[in-house]
Protein chains: 2
Amino acid sequence: MKKGHQVTMKEIAKKLGVSVSTISRALKDSPELHPETKRKIVEMAKEMNYQPNLLAQSLRISRTKTLGVIVPEITSHFFASCISGIQDHANKRGYNVMICQSNESIDQEIANIKTLVASQVDALLISLSRETNHYEHLYELYSREIPFVLFDRVHEEIPVSKVTFNDAGGAYQVTHHLLEMGCRNIVYVSGPEDLYISKKRKEGYLKALDEYGIKENPELIKISDLTEEGNIRVAQEILMMEPKPDGVFCMIDPVAVDVLTYWKSKGVKVPEEFALAGFTNNPTSAVVEPPLTTVSQPGYEMGKLAVSHLLDQLDGLASDDPISIVLDTTLVPRKSSQKTI
Amino acid sequence: MKKGHQVTMKEIAKKLGVSVSTISRALKDSPELHPETKRKIVEMAKEMNYQPNLLAQSLRISRTKTLGVIVPEITSHFFASCISGIQDHANKRGYNVMICQSNESIDQEIANIKTLVASQVDALLISLSRETNHYEHLYELYSREIPFVLFDRVHEEIPVSKVTFNDAGGAYQVTHHLLEMGCRNIVYVSGPEDLYISKKRKEGYLKALDEYGIKENPELIKISDLTEEGNIRVAQEILMMEPKPDGVFCMIDPVAVDVLTYWKSKGVKVPEEFALAGFTNNPTSAVVEPPLTTVSQPGYEMGKLAVSHLLDQLDGLASDDPISIVLDTTLVPRKSSQKTI
DNA sequence: GTGAAAGCGCTAACAC
DNA sequence: GTGTTAGCGCTTTCAC
């Protein structure tokens, strides 16, 4: 199957007996052209259904007006929202977007960067995969002076702009809420320990405990690999803990949902036996029974801010000096944590 | 902010004292080259960190190895799954993907097509917006011989390949299930009537009724605009119907979830008072209380099939004659419909 | 086995 | 005001 022919400037030029440069000028509304010629050309272009070849244009001006986006997983509602925010605001400013998913694999992430760079995107927006534990590929982008920003899953050391949530703050909000609900023996279910968000959310958890004069108890920190099996294993472990905890804060909503589902199947009562909370405010969290207390992270907003800042830098509207944008989260208290009262 | 310099073939050529054509040949492993020169060039390219400029290459060979994808909404789990399937399988065959969302707007859909075509994508995969009620933009693609396939939300008349679910079959499965559960007075909550899926699912609904000797009752067909308010309005109307229906089949899961949530807030019991079912098998449907009976539509699979067929056509592995691929759905019976027994 | 040259579709400096 | 020319980075015929 082959594509049909596309009208070029050359063809319009021939038809009108003028040169291609005149066509080019007319189509970009250059002021030095005779209005009449301009009118004729624009008309003819329309009639012939001319569509500029962005490829040729990009090659010539060495800018594609295209951004590359890499997310761990497009089917995650949070990342889909980020992408949506990025798209809408990139389009608004005349940029297109190429999206790739790393499927949480560092090799795929590296491969994605490579193709996007080969496709000559003007800049990149990257959220790192869970697996990403070395950062040469990012430093290479940096040293090749290809502009990029990191969002949500970031690497703190690299000197580029980053957009994150106040993860520690959000975790503090949740933990503080659980404490206010009367919990004193709160489990933190973390993801893999080297994940940025695992660390940050632990910080907030510990800070809240500290304010209540409760000191860190390593027994109360459980690690899940974030698979359904891993989450269920943690759910089982918690049931066997001695003394029995009274509250559980899961690093992300899906973990909390898996724990809740497992417990329900075993007749464990939430929030009566355990107050439960998650983080992210996935659509799912609002409809589980009982509805899940969580922390809302506006993904669309994050995408919007990340792309706006990046384009400001590209277009010279913002300094190239890296900045860090930190978005606040909001506690969404629901029934799953209403332990007492 | 500007991008750093990228190594070109010309630079490698200069460094090695050979011509660019030799570089080009070496890098694509042309057999007519002296193995030694080839080795030297490949080595040097690696050393200089050469990355081919896909733009220039595409311009030259007039193929971008890039596909355009247009979906109504990226944040919908179903479409995100489709995209995921498309991406994975396009990449596997050496193609990149540019994704756009129409946000359910026909104007945006037309604009998306325009940019993707201007970007010289080799072909398109399109799922139509809810608003799309005329099809000139598709016929134009067709007449310009730009290959494309339609998936899920299709326009039946246009002679291009389409991938759809057996929507009528799925609706039949659900309705038949509700009938088996003892329902005899079943409401169908449809979306806007000109939507492809509204029509198809109604067909299946009517067919199942017919088999039970029940004839069409227009009173039992409710139309929602698919917004939350619209869905709730329908939920209210159903409560006031006389005689009271015993089963409700909603065209898509989100409608069923809104109805369920509203009813729960009013103390209406599901499945005791109404057996309820949806369509799509969104992640949400599994975790609502009671879990929602629905029909599963594997989006990833749909994306995979659509892109595989399209690439087969592009690569000459399949005939250019349009075909229609129809995927079967699976009934997912859950508690929301266990009315009797 | 390798080089020279043309050209993909476009833009922009330089002529006149 | 408009044409001529060069060139973006690459591939590919045609020489030798």
Side-chain angles (χ1 to χ4, degrees), chain A residues 2-42 44-45 48-66 115 117-122 144, chain B residues 2-42 44-45 48-66 115 117-122 144:
Chain A
K2 59 160 206 283
K3 281 199 304 186
H5 175 72
Q6 302 234 28
V7 179
T8 68
M9 288 190 173
K10 204 167 156 186
E11 289 166 18
I12 308 182
K14 194 182 228 170
K15 206 136 192 171
L16 253 35
V18 295
S19 76
V20 267
S21 30
T22 306
I23 307 291
S24 176
R25 280 189 268 253
L27 261 25
K28 58 177 35 175
D29 205 22
S30 156
E32 45 184 13
L33 226 58
H34 192 93
E36 178 56 17
T37 7
K38 203 188 284 184
R39 197 193 52 73
K40 266 203 287 208
I41 291 173
V42 171
M44 178 57 83
M48 297 176 72
N49 195 12
Y50 169 77
Q51 301 286 126
N53 184 326
L54 257 40
L55 230 53
Q57 187 176 329
S58 298
L59 181 61
R60 183 56 239 251
I61 65 176
S62 30
R63 291 179 53 211
T64 53
K65 287 245 172 193
T66 300
T115 7
V117 168
S119 303
Q120 311 295 118
V121 293
D122 290 343
R144 291 179 64 182
Chain B
K2 57 161 210 285
K3 281 198 305 187
H5 175 72
Q6 302 234 28
V7 179
T8 67
M9 289 191 172
K10 204 168 157 187
E11 289 167 17
I12 308 183
K14 194 182 229 170
K15 206 133 188 173
L16 253 36
V18 295
S19 76
V20 267
S21 26
T22 306
I23 307 292
S24 175
R25 281 188 267 252
L27 262 25
K28 56 176 38 177
D29 205 22
S30 156
E32 46 184 11
L33 227 58
H34 193 94
E36 179 57 15
T37 5
K38 202 188 286 187
R39 198 192 51 73
K40 265 204 286 210
I41 292 174
V42 171
M44 178 58 82
M48 297 176 72
N49 195 13
Y50 169 77
Q51 302 284 125
N53 184 327
L54 256 41
L55 231 53
Q57 186 176 330
S58 298
L59 180 61
R60 183 57 238 251
I61 65 177
S62 31
R63 289 179 57 212
T64 53
K65 287 244 171 194
T66 299
T115 6
V117 169
S119 302
Q120 311 295 117
V121 294
D122 289 344
R144 291 179 63 182

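In what follows, every heavy atom counts, from backbone to side chain, and hydrogens, waters and symmetry copies are set aside.
For the side-chain hydrogen bond (donor to acceptor under 3.5 Å, both in side chains) test, residues two or more places apart in sequence or in another chain that qualify with Arg63(A) are Tyr95(A). With sequence neighbours excluded, the residues that form a side-chain hydrogen bond (donor to acceptor under 3.5 Å, both in side chains) with Ser19(B) are Ser21(B), Thr22(B). Residues passing the side-chain contact (heavy atoms from CB on, under 4.5 Å) test with Lys10(B), sequence neighbours excluded: Thr8(B), Val20(B). Looking at residues two or more places apart in sequence or on another chain, you find no side-chain contact (heavy atoms from CB on, under 4.5 Å) involving Ser62(A). For Arg144(B), the side-chain contact (heavy atoms from CB on, under 4.5 Å) test picks out Gln6(A), Asn49(A), Gln51(A), Val117(B), Glu140(B), Ile146(B), with sequence neighbours left out. The side-chain hydrogen bond (donor to acceptor under 3.5 Å, both in side chains) check on Asn53(B) picks up nothing, with sequence neighbours excluded. In terms of the side-chain hydrogen bond (donor to acceptor under 3.5 Å, both in side chains) criterion, residue partners of Glu36(B) (sequence neighbours excluded) are, by chain and number, Arg39(B).
A donor-acceptor pair under 3.5 Å links the side-chain atoms of Lys38(B) to the main chain of Ser30(B), judged by distance alone.
Helical stems in DNA chain C, defined as runs of 3 or more consecutive Watson-Crick or G-U wobble pairs with both donor-acceptor distances under 3.5 Å, are listed by first residue as C:1-16 with D:1-16.
Atom CD1 in Ile23(A) sits roughly 11 Å away from atom P in dT2(D) (whole-Å rounding). Rounded to an integer number of Å, the gap from CD of Gln120(B) to C1' of dC10(C) is 11 Å. Atom NZ in Lys38(B) sits roughly 13 Å away from atom C1' in dT2(C) (whole-Å rounding). The interatomic distance linking Leu27(A) (CG) with dG9(C) (C1') rounds to 13 Å, in whole Å. Taking atom CG on Leu16(A) and atom C1' on dG1(D), their separation rounds to 15 Å, with Å as the unit. Going from atom NZ of Lys14(A) over to atom P of dG9(C) covers 12 Å, rounded to whole Å.
At a threshold of 4.0 angstrom between heavy atoms, the contacts of Thr37(A) are confined to the sugar-phosphate backbone, with no base atom among them.
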Reading 5' to 3' through nucleotides 3-10 of chain D, protein heavy-atom contacts under 4.0 Å coded B for base, S for sugar-phosphate only, - for none: BB-BBBBB
